[in-house]
Structures are given as structure tokens and as C-alpha cells.
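Structure record follows, encoded as C-alpha cells.
Here is the naming used below: chain letters follow the sequence lines, and residue numbers restart at 1 for every chain.
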2 protein chains.
Amino acid sequence: MTTNDLLEVHPALFDRVRLAIMAHLSVAKKPVDFNTLLAELELTRGNLSTHVRRLEEDGLVRIDKTFVDRKTRTTYACTARGKKEISQYLTAIEALLRSSL
Amino acid sequence: MTTNDLLEVHPALFDRVRLAIMAHLSVAKKPVDFNTLLAELELTRGNLSTHVRRLEEDGLVRIDKTFVDRKTRTTYACTARGKKEISQYLTAIEALLRSSL
DNA sequence: GCATACTGTTTGTATTACAAACCGGTTTGC
DNA sequence: GCAAACCGGTTTGTAATACAAACAGTATGC
């Protein structure tokens, strides 16, 4: 059954914000910083902060903090695990797509 | 931007159970009854009941109640709206798929 | 008539998404 | 040099929601 594939998908990806974050990070060549992501996704800061932290806790995203011009600069990158999970998500959806069209 | 497509997706579909329900119903030739869906998706009755009701409230699913052998029989079917929304979902994900692989 | 099973629904709880308030530090205005 | 405004996020309070347990109505077996 195709629908069972959905149960294999990482739970954190079943949220539109987190999926959008992962989609963004998984295609980026370089780490993306907080404000860039914020602008692209049109979220509040708190919302982005908590979602990305959850993704980090689940090992899908890596968070790096540095200083640029004496200001903090936080960047996010997709981990290998993250790429794997998003790929698995897409595979599951693809299966649905094939079976339903 | 491909990620913006995600924001167009119906919020009710961002739940693995509801997505599984819709996937199931959207491919079915005939309405599917409660217990069939229950067995296929391995849920508790309460869980299925509430999720499918939400889908009905959002106009994605039609609920029909009849009597068979003096027992109640509830069946679910995907509405036209439901097919449209699931299709939009799949389109958005397909866009992600293309851009990220 | 009483117990058991079938088909769902309602309710209580625990989780979670979200934005507002907050916080440490920096730059700007005076 | 002091206060106000700003920057880059984090923490907290609240409202929504996912879930399973308890419940309800009906039918069947004894």
C-alpha cells in the first residue's frame, strides 16, 4: 500500500513551515542565515526560531553561530540526515502521485 | 519561488492522517466505509472519526450515513473540492521535487 | 431480560504552533 | 557619555489540535 509510506516519513516534516524550511535549505548551496530565511518564508521571528530549533533537535538541520561586525549571525544548513528525510518524504509523495493520477 | 506554493496548500492536508485519508479516498472508485478505512490506516476509531469530520467541515470529504441490516453504515467520499485540493498539494510537492533533485 | 458485540461520537489530556514579550548587545542622536 | 532606537534572535503564554479513552445507541446471543 502506498499510504503506508507516509508512516515512514519523519513527523517533523508534516508541518508546512518546517517543510518549507527544509525545502529551502535542501536546495541551498550554502548555509542560509536567519533573516534571509525570515524574509523568504514570511514568518515571525519567534516562529522561525522554534521551528528551526526543532529541526535541529531532530538532526535535520545544523545551526551555526558566528560574529560578523560584532553582531551575532546565525546560519542554518541541511544535514545529511535532513537530505535523506526530505528525499524519503518526496518519494512517499511521488508514490501517492503515481497511484492517484 | 517554489516554496510559496506550499502556502497555497489547504492546511487540513498538512497532517499525515488526513493526507492518508484523502489519498485513500481520492483513488477510490466508490465511497469507502468507516471500518475499511480504519483497517487500512490503522487508527483508533475516535481518531478517524474526528479527522474525517474536519475534512468534511472543510468540504474535502462527503459523509453519507445509511442503514444496512438495521445497522448504521457510514461511508466517505472525496468531493470535487477535495480532489482539487489534493491535486494542488501534489503539484506543490512536485515543484519541490523538481527543484531539489 | 441481561451480557456482549458492533459502529461510531464525545470528552479529557497532552502536544504543539504561533505571536507577543523579552533580552543581550550595538548603533545613533544629542 | 547617556538615552533611545535598533538588531538578532529566544523564551513564554495562549489558543488550537491530535490522540485515545470513555461513552452512547443499536443489534445479537443466551
Side-chain angles (χ1 to χ4, degrees), chain A residues 3-4 6-25 30-77 85, chain B residues 3 6-25 31-77 85:
Chain A
T3 51
N4 284 350
L6 285 176
L7 301 177
E8 313 275 319
V9 172
H10 195 292
L13 297 181
F14 272 95
D15 176 276
R16 66 202 313 168
V17 171
R18 285 194 298 269
L19 182 59
I21 292 172
M22 289 304 294
H24 218 90
L25 294 183
K30 306 197 171 203
V32 181
D33 67 282
F34 187 85
N35 283 322
T36 302
L37 214 47
L38 192 64
E40 305 262 18
L41 301 179
E42 297 176 0
L43 302 169
T44 58
R45 295 193 299 277
N47 202 4
L48 175 57
S49 179
T50 51
H51 276 301
V52 89
R53 177 193 285 252
R54 161 131 187 222
L55 289 170
E56 186 200 24
E57 285 167 356
D58 288 348
L60 308 185
V61 161
R62 180 168 29 86
I63 304 183
D64 288 306
K65 290 174 178 298
T66 58
F67 287 95
V68 174
D69 294 337
R70 311 214 163 213
K71 296 176 194 168
T72 61
R73 185 163 205 81
T74 306
T75 61
Y76 306 109
E85 295 291 357
Chain B
T3 52
L6 284 177
L7 301 176
E8 313 275 318
V9 172
H10 196 292
L13 296 181
F14 272 96
D15 176 277
R16 62 203 317 169
V17 171
R18 286 194 297 268
L19 181 60
I21 291 172
M22 290 304 295
H24 219 88
L25 294 183
V32 181
D33 66 282
F34 187 85
N35 283 322
T36 302
L37 214 47
L38 191 63
E40 305 262 18
L41 301 179
E42 298 178 358
L43 304 169
T44 59
R45 295 192 301 275
N47 202 4
L48 175 57
S49 178
T50 51
H51 276 301
V52 89
R53 177 194 284 250
R54 161 130 187 224
L55 289 170
E56 185 200 26
E57 286 167 357
D58 288 348
L60 308 184
V61 160
R62 179 167 31 83
I63 303 184
D64 289 307
K65 288 173 180 298
T66 57
F67 288 94
V68 174
D69 294 338
R70 311 211 161 217
K71 296 175 194 167
T72 61
R73 183 162 206 82
T74 306
T75 62
Y76 307 108
E85 296 291 358

(request) Please collect all side chain to side chain donor-acceptor pair (under 3.5 Å) contacts where either partner lies in residues 59-69 of chain A, sequence neighbours excluded, each pair once. (result) A:Arg62-A:Asp64, A:Lys65-A:Thr74

(message) Could you work out how much the helix from C:dG1-D:dC30 to C:dC30-D:dG1 bends, comparing the axis of its first five pairs with that of its last five, to 10°?
(response) 20°

(request) To the nearest Å, give me how far apart CD (B:Glu57) and C1' (D:dA16) are. (result) 13 Å

(request) For B:Arg16, enumerate each residue passing the salt bridge (Lys or Arg N to Asp or Glu O under 4.0 Å) test, keeping only those at least two apart in sequence or located in another chain. (result) none

(request) Identify, with sequence neighbours excluded, every residue that meets side-chain hydrogen bond (donor to acceptor under 3.5 Å, both in side chains) alongside B:Arg18. (result) B:His51

(message) Once side-chain hydrogen bond (donor to acceptor under 3.5 Å, both in side chains) is applied, do any residues pair with B:Thr36, and if so which ones, sequence neighbours excluded?
(response) B:Asp33

(request) Measure the distance from CG on B:Leu13 to C1' on D:dA18 and round it to the nearest whole Å. (result) 16 Å

(request) Can you sort out the partners of A:Arg45 under side chain to side chain contact (heavy atoms under 4.5 Å, CB included), two or more places apart, ordered by chain and number? (result) A:Phe34, A:Leu38

(message) What is the distance, to the nearest angstrom, from the CG atom on B:Leu41 to the P atom on D:dA18?
(response) 15 Å

(request) Sugar-phosphate atoms are those with a prime plus P, OP1 and OP2; base atoms are the rest. Using that split, label each nucleotide of nucleotides 6-20 of chain C B, S or - for protein heavy atoms under 4.0 Å, 5' to 3'. (result) -BBBB------SSBB

(request) Could you grab the distance from atom OH of B:Tyr76 to atom CD1 of B:Ile63, nearest 0.5 Å is fine? (result) 5.5 Å

(message) Please list all pairs meeting salt bridge (Lys or Arg N to Asp or Glu O under 4.0 Å) that have one or both residues in residues 47-58 of chain B, counting only residues at least two apart or in different chains.
(response) B:Arg54-B:Asp58

(request) State the CG-CE distance between B:Leu60 and B:Met22, to the nearest 0.5 angstrom. (result) 5.0 Å

(request) Specify the separation, in whole Å, of atom CG of A:Leu38 and atom C1' of D:dG9. (result) 10 Å

